[in-house]
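Written below as structure tokens is the structure these notes are about.
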Amino acid sequence: MSGRRVDRLTSILRRRGIVLPSFEIYGGVSGLIDYGPVGAHILRRVMDKWIDHWTSHGDIVEIDSPTITPEPILVASGHVSEFNDLMAECGGCGSAFRADHLADGRHEDPDSLDADAINAILDAGVKCPTCSESKWSDVRMMNLMFSTRIGAMKGARVAYMRPETAQGMFMLYPVLFRHFRQRLPFGAIQTGKGYRNEISPRQGMIRLREFNMAELEYFIDPEEPPCPDLSAWGESVSFVPDPDGSHPGMHAMTFSEALSSGIVRHPTVAWFLARTWDFLIGVGIDSTRIRFRQHAGTEMAHYADDCWDCELHGEYGWVECVGIANRTCHDLLSHEQHSGSKLLRGWRQYPEPRTEIKDVLAPIGAVIGPVFKDEAGAVMDALKELSEIPDSTPFTLSLADASSVEITNEMVTRRAEEVTVHGEWFTPHVIEPAFGIDRIIWHILDHGFTETEKEGGEYSIMSLDQTVAPFDIAILPLFDKDGMGDIARQMWASVNSMPGVRGEIDSSKSIGRRYARVDEIGVPWAITVDHTTLEDGTVTVRRRDDQEQIRASVDEVLSRLASGEVSSLF
RNA sequence: GCGGGCAUGGUCUAGUGGUUAUGACAGCAGGUUCCCAACCUGCUAACCCGGGUUCAACUCCCGGUGUCCGCACCA
């Protein structure tokens, strides 16, 4: 066997129509891929399984929103300002660099500078690392979002292809809050395409410009975070905590231990780490090649308070495939501020209504009005907003527009008010597990790709979990004559009539070659119709992973297949 | 985005300034065999794109695109 394993795997993916470059007859486009007839079904099953995994919780529902997103949403989320880099080009040799990196050492925090400030620093004599010249172009923004316009001509609005599906869930928060009858916690999931105009996509399906995302936003009351029981997860898992924190290094422990030791800081986050583990195991990821890595403070995304990556190990090393972030109240609060909506809150009911006696300064409109005239409204508002009541008058009151006025004794009456408060509004926090589906599928294929030898020849088996295999079963007539082909076709029709079950039929070439073909794309079971079938209605059932075979009646095989229990025949 | 390597049927590849452009595997048709890629016969099918040099370019040159390696980047 020659060459690299990754090349042999990629070659199979192309040859068998699993995953391949898009638009190839026009030369291809870097960072865009197609799922072919075999791969698309794997993708569909992984997606379906993901949706089922979360919606089975009961307090999580699926939504679906547009990929085209008007600019203001992404301004509020921070993507327009944060999701880009200033780039500078050398006039001497044409090399391009991140401008803030060029300014390193000439400013304590180059990342915070705007374009003009960086231009000034560069022109002050920064030399090109490549050619040592100092002729810089003006720095320009490279935003990693694909921009577009909604509508035509002058009326068009600026928009972007969404860089994440999450914003759709935030936009629907009021609907979700109503759907769940105003009780936290609850969650929403969305699957679909996300877009990033990567500077340099590499590594096949790992860095894509258009990719399949699957995200969950779980809204919680930060004062009462859900603390599910983690004792059900007994396995030892690899954790790589923040290297700058108090637990550097690699730790193997249970989810429960990771939480109690303080490595995972938030109980709800710990629970999502465990549920993420369940999903990955369920789609056939090798448990020994999963680890959870905590982001260091310096690499935290602009919105995240605490962040874990679930990394999978494969041909490209450890690759981030799931990000689990505590986004706190960042998104909902920012959307509240930018949109003015008051609907992005949760209600926290007190166990007992609280009766509070509050000192209040009640403004006397009859005095304030004539004194302040146009400003009177602002003064009244400012008085109502006062959090601390001054002990005496007169005092200076700051208005919303930053001016201030003097309030004298005649303008207000001081009195104690009794108010009964039943609860309070707050901005929910959100825990977000975000899955990169294409990366997960790559690792499913990578972990499943098994190269062995058979009678001295090279032989490859794709050991996929049967729930994500492109076909559930292959039906192979030993010969396409004497009625064997007819029986096979009848069985094929029966199989395909089962909900969610798909079969493949193949009658060409030798039986060994047909086994090889279905092994290569990961079909877990093969049944062979032979002469004995004609006599007693039994077929052989072959197990892909060890090529064991047993004999069973057609009816038995079909009923086991319908219930997903073919393995119980062995 | 930078630098370097590479680009030939579905896959992996040989090769040349003028060829009918290798071979293997896969695929298709027929024959034979039949529970693990057997064999025989036949067939299908390729020089990344655009310019240039030349009588003639798949081959040489330039540009683009893709891909790989390194650097940079990476919610």
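Convention: sequence-line order gives letters A, B, ...; per-chain numbering from 1.
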Got a donor-acceptor contact below 3.5 angstrom from the N212(A) side chain to the D438(A) backbone? no

Re rA57(B): Watson-Crick or G-U wobble partner, both distances kept under 3.5 Å, found to be none

inquiry  = Check for me whether R209(A) meets the cation-pi criterion with Y195(A), that is, NZ or CZ under 6.0 Å from the six-membered ring centre and within 45 degrees of the ring axis.
reply    = no

Checking N1-N3 plus N6-O4 or O6-N4 for Watson-Crick, or N1-O2 and O6-N3 for wobble, each under 3.5 Å, the partner of rU22(B) is none

Report task. Kindly indicate whether a cation-pi arrangement holds for R542(A) with Y515(A), taking the cut-offs as under 6.0 Å to the six-membered ring centre and within 45° of the axis. Result -> yes

* To do: Give one of base, sugar-phosphate or nothing for R16(A), where a contact means two heavy atoms less than 4.0 Å apart.
  => nothing

Its contact letters, B for base, S for sugar-phosphate only and - for none at protein heavy atoms under 4.0 Å, make nucleotides 29-51 of chain B read -----BBBBS-------------

Across every strand shown, the nucleotide meeting Watson-Crick or G-U wobble geometry with rG63(B) (both distances under 3.5 Å) is rC49(B)

* Asked: Is the side chain of E215(A) donor-acceptor paired with the backbone N or O of T165(A) at a distance under 3.5 Å, no angle test?
  -> yes

- State plainly whether the residues D309(A) and R293(A) are in salt-bridge range, i.e. N to O under 4.0 Å. yes

As its Watson-Crick or G-U partner within any shown strand, both distances under 3.5 Å, rA29(B) has rU41(B)

Any strand, both distances under 3.5 Å, Watson-Crick or G-U wobble: rG9(B) pairs with none

- Query: Which value, in whole Å, describes the distance between the P atoms of nucleotides rG51(B) and rC39(B)?
  - Reply: 46 Å

Practice problem: Classify the nucleic acid contact of P21(A) as base, sugar-phosphate or nothing, counting any heavy atom under 4.0 Å across all strands shown. | Solution: nothing

For E504(A), the salt bridge (charged side-chain N to carboxylate O under 4.0 Å, His left out) test, sequence neighbours excluded, returns none

